[in-house]
Colleague: 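Below you'll find the structure I mean.
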Amino acid sequence: MLNDIEKILVSEEELAEINKRLGAQITKDFEGKNLLVVGILKGSIYFMTDLTRNINLPLKLDFLAVSSYGGSTRSSGSVKIIKDIDIDISGYDVLLIEDILDSGRTLKYVSEMLTTRGANSITICTLLDKPARRVVDLSADYVGCSVPDEFVVGYGLDYDQHYRNLPFIGALKREVYE
């Protein structure tokens, strides 16, 4: 599995620092609010787990399962909700947690969908930002770091359901997915 990685882009130590930094900022910004953290599965699971451990506030957790990639390396452009959230979000300040913001289609679709459900606010936090792939006008409120236009895996991100369990973010060798 490690032989498939071209290079490490974000180390375990850097991920820990990102989670501490974002957790502290979110704690400050959401103080006194009714916080609901919604992770977009499956990619956000490691990030969401570590990030919420660094948020020093009462909060609730829920999950959405969304697909726009299938087994491809590019978004299909079609967003499909596989599992909706279970909590009525009326009156909550919702923090959407995503692994990577690239085309922006998924997060735009999800944030617009949730906006109609009566939340006090919808805020986006992404571990990785890949602006070179953006096709919709969307930016995250909280960003871990930017990554180049390479196919990245690890720490929840996958290629065809593999590599999620790597403890770092790495660029996948082209020969693996081409």
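Owing to the predicted nature of the structure, the values given are computational and were not obtained by experimental measurement.
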Colleague: Looking at G23, is its backbone amide N or carbonyl O close enough to the side chain of K28 to form a donor-acceptor pair, meaning the two atoms are under 3.5 Å apart?
Modeller: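 Not a single qualifying donor-acceptor pair exists.
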Colleague: Are the ring centres of Y159 and F151 closer than 6.0 Å?
Modeller: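 Yes - the distance between ring centres of Y159 and F151 falls below the 6.0 Å cut-off.
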Colleague: Using a strict threshold of under 4.0 Å (side-chain N to carboxylate O), is an ion pair present between R21 and E17?
Modeller: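 No salt bridge links E17 with R21.
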Colleague: Please determine whether a side-chain nitrogen of the Lys or Arg among E150 and R174 lies less than 4.0 Å from a carboxylate oxygen of the Asp or Glu.
Modeller: no
Colleague: Has the side chain of R134 got a donor or acceptor atom that lies under 3.5 Å from a matching backbone atom of L101?
Modeller: yes
Colleague: Could you tell me whether the side chain of N120 and the main chain of G91 form a donor-acceptor pair under 3.5 Å?
Modeller: yes
Colleague: Determine whether more than 12 heavy atoms belonging to other residues, nucleotides or ligands lie under 6.0 Å from atom CG of N56.
Modeller: no
Colleague: About how many Å separate CD1 of I100 and OG of S44, when rounded to the nearest 0.5 Å?
Modeller: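 So the OG of S44 and the CD1 of I100 are separated by 13.0 Å.
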Colleague: Check this for me, if you would: do R164 and D99 make a salt bridge, where the nitrogen-to-carboxylate-oxygen distance has to be below 4.0 angstrom?
Modeller: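 D99 and R164: not salt-bridged.
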Colleague: Taking everything shown except K60 itself, do over 12 heavy atoms lie less than 6.0 Å from its NZ?
Modeller: no
Colleague: Might you point out which heavy atoms bring L114 and I89 nearest each other, and give the distance in Å?
Modeller: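 Heavy atoms of L114 and I89 come nearest at O-CD1, 3.4 Å.
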Colleague: Between D102 and R105, does any NZ, NE, NH1 or NH2 come within less than 4.0 Å of an OD or OE carboxylate oxygen?
Modeller: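 Looking at R105 and D102, the cut-off is not met.
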Colleague: Return yes if some donor-acceptor pair links the side-chain N/O of D141 with the main-chain N/O of T123 below 3.5 Å, else return no.
Modeller: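 Absent.
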Colleague: Going by the angle between their ring planes, with limits at 30° and 60°, are F30 and Y142 parallel, tilted or perpendicular?
Modeller: tilted
Colleague: I'd like to know whether CZ of R117 has more than 12 heavy-atom contacts from other residues, nucleotides or ligands below 6.0 angstrom.
Modeller: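 Buried by this count: over 12 neighbours within 6.0 Å.
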